[in-house]
Structures are given as C-alpha cells and as structure tokens.
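What follows is one structure encoded as structure tokens, with my remarks underneath.
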Amino acid sequence: MALANKNKGDVWARPGMNVTFRAEVMPGVEMEKRTFRVKDVLPNGSVTLHDFAGEHAAASFLPLQFHNKTKTKI
C-alpha cells in the first residue's frame, strides 16, 4: 500500500516543510546541505523539492522526528 494512499490526506510530507536526504543517498554531504524544502506532494506519495530536480520517494529521506520541548517529571 502506497504511503499516500493509506488514508486520504494522510501524507508523510507537506509543501513547505523541510526534509533531509539519508546519508546513504548523498554520502559525504553534511546534513545541512542534504536538507531541502518540499515544493509539491505528488499523488503517488513522492515529492518535488525547491532547488533540487526530480521526484523523490519517502524512503530517500530521514524519518521525521518531532521533539517535545516540554519536560515530563515523574
């Protein structure tokens, strides 16, 4: 099942967000230079990027990490 087809509107990326290519895809390139902004999310779940040609699948990028800035005390 394609990532974009799990649930309508359930996508791994959105236009304007930053995504970072995995180091294996761009070996020897610093993380900052592997990070690009999403231009469009295509119906097949791939994305196009600003300032980087081509169509790219979710598997080419590092998983998104959401950081909770609040500390939980036990």
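Side chains are part of it too, since the values below use all heavy atoms of this structure and drop only hydrogens, waters and symmetry mates. Just so you know, these numbers come straight off a predicted model, no measurement behind them.
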message: Within the 4.5 Å heavy-atom criterion, are E55 and S46 side-chain neighbours or not?
response: yes
For residues 17-32, dump all side-chain donor-acceptor pairs below 3.5 Å to protein atoms at least two apart in sequence or in another chain.
residue, atom, partner, partner atom, Å
T20, OG1, T35, OG1, 2.8
R22, NE, A59, O, 2.9
R22, NE, F61, O, 3.3

message: How long is the straight-line distance from CG of L62 back to CZ of R34, given to the nearest 0.5 Å?
response: 6.0 Å
message: Given T48, which partner from the list V41, L42, V38 fulfils the side chain to side chain contact (heavy atoms under 4.5 Å, CB included) test?
response: L42
- request: Work out which heavy atom in G45 is nearest to a heavy atom in W12; give both atom names and the distance.
  value: O-NE1, 2.7 Å
task: Indicate yes or no: at least one non-hydrogen side-chain atom of L49 is less than 4.5 angstrom from one of H56.
output: yes
